[in-house]
Protein chains: 2
Amino acid sequence: MSIVSLARDLDLSISTVSRALNGYKDVSPETRERIRKRASEIGYRPNPGARRLKSGKTCAVGMILPAVSEGNHGVDSVYSGLMGGVATELEAADYHLIATVQTRTDPDRETALYENLVHASWVDALIIGRTRVNDPRVALARKARIPFVTYGRTNSSEPYAWVDTDNEQAFYLLTKRQIESGHTRVALLNGPLHYYFAILRQQGYVRAMMESGLSIDPLITLNGELSESHGYSLCRNLLVGANPPTSIICATDALAFGAMAACRERGLKIGLDISISGYGNSSASAYCDPPLTTVDHQVFENGRHIGQSLLRLLRGQAQPEEIHYLEPVVLVPRQSDGQCPPPPPSNSNLSR
Amino acid sequence: MSIVSLARDLDLSISTVSRALNGYKDVSPETRERIRKRASEIGYRPNPGARRLKSGKTCAVGMILPAVSEGNHGVDSVYSGLMGGVATELEAADYHLIATVQTRTDPDRETALYENLVHASWVDALIIGRTRVNDPRVALARKARIPFVTYGRTNSSEPYAWVDTDNEQAFYLLTKRQIESGHTRVALLNGPLHYYFAILRQQGYVRAMMESGLSIDPLITLNGELSESHGYSLCRNLLVGANPPTSIICATDALAFGAMAACRERGLKIGLDISISGYGNSSASAYCDPPLTTVDHQVFENGRHIGQSLLRLLRGQAQPEEIHYLEPVVLVPRQSDGQCPPPPPSNSNLSR
DNA sequence: CGCATTGACAAAAACCTTTTTGTCAAAGTA
DNA sequence: TACTTTGACAAAAAGGTTTTTGTCAATGCG
């Protein structure tokens with residue numbers, strides 16, 4: 001079932017068979033057809049290992065998938081969505097996706113995983129996700145001269161290929177919406193600031209607040225891991241504090257679900273007594289009670305862009321500095337937010 | 001940076017270098033150490049492509065990930081959790097996971113994806129998930145003589161390696177719980193019956209009902225895709241019908257979320273007027289309102305078992321027929337279900 | 001006619017390992 | 001001494017492609 005047995009069967013040389021099947025010149029149409037026919041009859045498939053060895057290409061792209069920070073240790077749903085888009089594009093070009101799941105949330109370990117993937121030449125290209133402010137993986141991939149596309153941006157002195165959603169605009173819109181509903185104390189439950197996206201989301205929030213002449217209160221702009229439990233505990237802290245916010249903007253839907261639970265526990269009616277919004281448009285956001293106002297950031301589309309960019313890079317059709325794609329976001333208004341409630345009677349701050 | 005340049009550098013033969021680095025005999029301790037040292041100095045890493053070609057092993061395992069049936073086209077969270085467990089085990093053994101996302105829910109296409117993975121010899125072994133009642137992929141993998149482990153069972157005349165959760169017991173427990181709370185009209189919102197797990201869940205439901213002398217009403221045992229929207233529409237149908245159920249057992253948390261939304265829409269208080277339970281213990285299930293009674297089926301653990309089983313199979317340490325692992329389930333009682341409400345006044349069925 | 005070009009194929013090199021077989025001296029045994 | 005064993009290394013084959021170079025006859029041109 002190797003090319004040599006096929007060549008022997010056809011009474012032709014190996015090179016002719018190879019050239020025929022790979023669509024090169026130097027082989028007559030009749031012979032080509034004869035080879036094609038016999039090859040499919042006999043069920044011949046070129047050994048990808050040998051092909052990889054010869055060409056030096058693996059026809060695979062590597063991706064490290066961040067795990068959710070708690071629960072079933074599954075892959076973060078943003079990245080599983082992204083993977084869907086990437087895989088769709090790659091598959092069409094006969095590339096494979098080698099997925100490594102990062103079970104522990106340890107940046108050093110993530111870098112080591114990338115290093116392993118690159119250095120052991122398992123892959124031709126890399127997808128670098130959940131970029132940090134100064135992401136060492138970008139320098140690493142550049143040094144290894146391996147094509148890569150990041151999902152999210154980073155601080156880099158040199159150009160690199162990136163695809164990202166418009167985090168800044170998303171949080172500008174979300175904050176603006178709250179302000180327009182009369183809220184003045186708008187809290188931000190953000191992710192850890194070493195992630196670049198968290199910086200951008202904060203910037204969007206700050207821009208909207210500044211634009212309306214509202215001050216930024218560091219006591220109500222908190223940061224934590226992107227999980228329900230952190231949303232719950234951070235929100236509890238917010239509500240217990242003096243002068244609690246009337247609106248809470250959460251960096252992810254998961255944070256928002258946790259925050260909603262904390263609000264319910266305090267007896268607050270979500271959408272009336274307090275406004276909450278999320279980010280991600282997760283399927284649960286449409287079916288929770290009340291349905292969550294959120295932002296659709298089009299992960300599948302982003303994944304497709306990443307896949308396409310990667311292929312262009314691999315084919316030499318584009319240089320990294322040409323690949324900068326900022327996916328617009330779509331605000332999804334639902335019922336978890338509303339008009340700012342009237343100020344409580346003055347003795348309300350006695351409540352524990 | 002190949003073995004030949006390393007050998008030249010050391011003034012040794014290629015074979016000696018190879019044997020030294022691979023821990024074979026036939027090389028003196030001093031020489032071995034010298035080679036080791038120089039190899040790490042020079043940063044030599046054996047080319048995995050050449051190694052694969054020679055050994056005929058790819059050191060990779062293939063897995064097809066079912067996409068969620070709607071929304072962001074992401075990977076089903078059960079399978080992303082499973083992937084986490086599998087990857088954890090494989091990684092420790094220096095195996096890689098090649099993940100293919102099945103974006104369209106088309107069984108034929110899924111089979112084709114497996115065929116491609118196997119036939120193009122991209123992988124040494126396969127994980128076959130979301131097994132169907134008569135799953136063609138099992139026969140296919142056996143014919144290709146490629147080791148595989150299924151997640152879920154199927155009808156097969158010959159033994160095969162499987163790992164599964166105890167679906168039957170889970171739905172027996174869930175149903176029993178409803179019956180013990182006084183419910184007699186217990187609905188089942190199940191997945192499509194061509195999935196083996198749906199059959200098993202139905203069996204558990206039926207066993208509990210029979211055991212308590214309750215009859216099975218086909219009008220309230222419905223089947224649909226595993227999504228919020230199907231949960232919503234199926235539940236609407238249930239509530240509109242004559243003699244609606246007082247309890248709804250859903251095959252997944254997603255179905256349950258949809259069902260909850262439909263119940264709220266009808267003005268029913270979940271946990272009081274109607275009881276709902278899910279399956280999966282998704283993170284949202286703990287934070288929705290009311291928190292959802294569900295079952296934890298330990299996907300990460302299942303993934304680890306699959307990974308371990310695969311490695312044993314690949315190393316010849318076990319035969320497929322020895323690998324049958326049924327993961328026990330854990331019921332997670334929360335507040336979405338409760339005592340059966342008293343029967344409504346007789347004119348209630350006039351309500352639209 | 002003589003020479004260059006082209007078409008169609010074959011031979012061999014290269015890709016980088018691992019594994020099998022081979023060499024040769026030193027040591028052990030009868 | 002003659003023969004076998006063993007230790008330490010080298011040479012070469014094998015794995016299945018792709019690509020470069022080579023061959024040889026037929027064709028085209030002046």
Side-chain angles (χ1 to χ4, degrees), chain A residues 1-40 42-60 94-96 118-124 314-315, chain B residues 1-40 42-60 94 96 118-124 314:
Chain A
M1 58 199 77
S2 78
I3 199 174
V4 29
S5 51
L6 177 61
R8 201 169 300 154
D9 182 280
L10 285 158
D11 222 352
L12 284 168
S13 76
I14 297 168
S15 52
T16 305
V17 175
S18 173
R19 300 184 64 80
L21 294 176
N22 291 329
Y24 282 66
K25 291 268 121 199
D26 258 31
V27 48
S28 70
E30 310 87 65
T31 312
R32 185 186 301 273
E33 206 37 58
R34 192 164 68 95
I35 293 174
R36 281 237 179 87
K37 199 175 153 212
R38 190 73 188 128
S40 76
I42 219 170
Y44 165 74
R45 298 238 203 166
N47 180 317
R51 190 172 247 177
R52 283 195 283 261
L53 174 59
K54 179 63 193 164
S55 67
K57 300 284 162 205
T58 64
C59 285
D94 260 323
Y95 269 81
H96 281 254
V118 175
H119 228 94
S121 60
W122 263 95
V123 295
D124 295 337
L314 284 164
R315 289 168 178 154
Chain B
M1 57 199 75
S2 78
I3 200 174
V4 29
S5 49
L6 178 60
R8 203 170 298 153
D9 182 281
L10 285 159
D11 222 353
L12 284 169
S13 76
I14 298 168
S15 52
T16 304
V17 175
S18 174
R19 298 183 67 80
L21 293 175
N22 290 329
Y24 282 66
K25 292 269 125 200
D26 257 28
V27 47
S28 70
E30 309 88 67
T31 312
R32 184 187 301 271
E33 206 37 56
R34 191 163 70 95
I35 294 174
R36 282 235 178 89
K37 200 175 152 210
R38 190 77 188 126
S40 76
I42 219 169
Y44 165 75
R45 299 241 204 166
N47 179 316
R51 193 172 244 178
R52 284 194 281 262
L53 174 57
K54 180 60 192 167
S55 68
K57 298 286 161 201
T58 64
C59 285
D94 261 322
H96 282 254
V118 174
H119 229 93
S121 60
W122 263 95
V123 295
D124 294 336
L314 283 164

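All values below come from the heavy atoms of this structure, side chains included, with hydrogens, waters and symmetry mates left out. So that the names make sense, note that chain A is the first sequence line, chain B the second, and so on, each numbered from 1.
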Side chain to side chain contact (heavy atoms under 4.5 Å, CB included) evaluation trace for A:Thr31 with A:Arg36: CA-CA 9 Å; A:Thr31 312; A:Arg36 281 237 179 87; over 6 Å; no
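- Checking D:dT17, C:dT18, C:dC16 against every side-chain atom of B:Asn47, the shortest atom distance belongs to C:dC16.
- Applying the 4.0 Å criterion to OP1 and OP2 of D:dT17, one finds that A:Tyr44 has a side-chain N or O inside that range.
- A:Asp26 comes within 4.0 angstrom of a base, heavy atoms only.
- Here CG of A:Asp124 is found 7.5 Å from OG of A:Ser55. Values are rounded to the nearest 0.5 Å.
- Straight-line distance from the CD1 atom of B:Ile14 to the P atom of D:dA13: 13 Å, rounded to whole Å.
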Side chain to side chain contact (heavy atoms under 4.5 Å, CB included) between B:Arg38 and B:Leu6, worked out: CA-CA 8 Å; B:Arg38 190 77 188 126; B:Leu6 178 60; 4.0 Å; yes
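- Side-chain contact between B:His96 and A:Trp122 is present, with heavy atoms from C-beta onward closer than 4.5 Å.
- B:Arg32 and B:Val27 make their closest contact through NH2-CG1, 3.1 Å (heavy atoms, listed as atom of the first residue, atom of the second, distance).
- A heavy-atom distance below 4.5 Å is found between the side chains of B:Leu12 and B:Arg34.
- Between B:Ser28 and D:dC9 there is a side-chain N or O to OP1 or OP2 distance below 4.0 Å.
- Residue B:Tyr24 contributes atom OH, which lies 18 Å from atom P of D:dG7 at whole-angstrom precision.
- Protein atom NZ of A:Lys54 is 5 Å distant from nucleotide atom C1' of D:dT18, rounded to whole Å.
- Rounded to whole Å, atom C1' of C:dA10 lies 19 Å from atom NZ of A:Lys25.
- DNA chain D lies under 4.0 Å from at least one heavy atom of each of the following residues of residues 2-13 of chain A: A:Ser2, A:Ile3.
- Looking at heavy-atom distances under 4.0 Å, B:Ser55 makes no contact with the nucleic acid at all.
- Across the protein-nucleic acid pair, B:Glu33 atom CD and D:dA8 atom P stand 15 Å apart, rounded to whole Å.
- Nucleotide D:dT17 holds its C1' atom 16 Å from the CE atom of A:Met1, rounded to whole Å.
- By the 6.0 Å contact criterion, CZ on A:Arg8 is open, its count of non-hydrogen atoms from other residues, nucleotides or ligands being 12 or less.
- Here D:dG16 presents its P atom at 19 Å from CZ of B:Arg51, a figure rounded to the nearest Å.
- Counting any heavy atom pair closer than 4.0 Å across all strands shown, B:Arg45 reaches sugar-phosphate atoms only and no base atom.
- When the nucleotides D:dT19, D:dT17, D:dA10 are ranked by their closest atom to the side chain of B:Ser15, D:dA10 comes out on top.
- Nucleic acid contact for A:Arg52: none, since no nucleic acid atom lies under 4.0 Å from a heavy atom of the residue.
- One interatomic measurement links the two molecules: CG of B:Leu21 to P of C:dC16, which rounds to 16 Å at whole-angstrom precision.
- Side chains of B:Ser15 and B:Ser18: no donor on one and acceptor on the other come within 3.5 Å.
- For the pair B:Arg19 and B:Ala50, nearest-nucleotide mapping onto DNA chain C gives the more 5' position to B:Ala50.
- Nearest-nucleotide mapping onto DNA chain C: of B:Asn22 and A:Glu30, the residue sitting toward the 5' end is A:Glu30.
- In this structure, B:Ser18 does not reach the C:dT17 phosphate: none of its side-chain N or O atoms is under 4.0 Å from OP1 or OP2.
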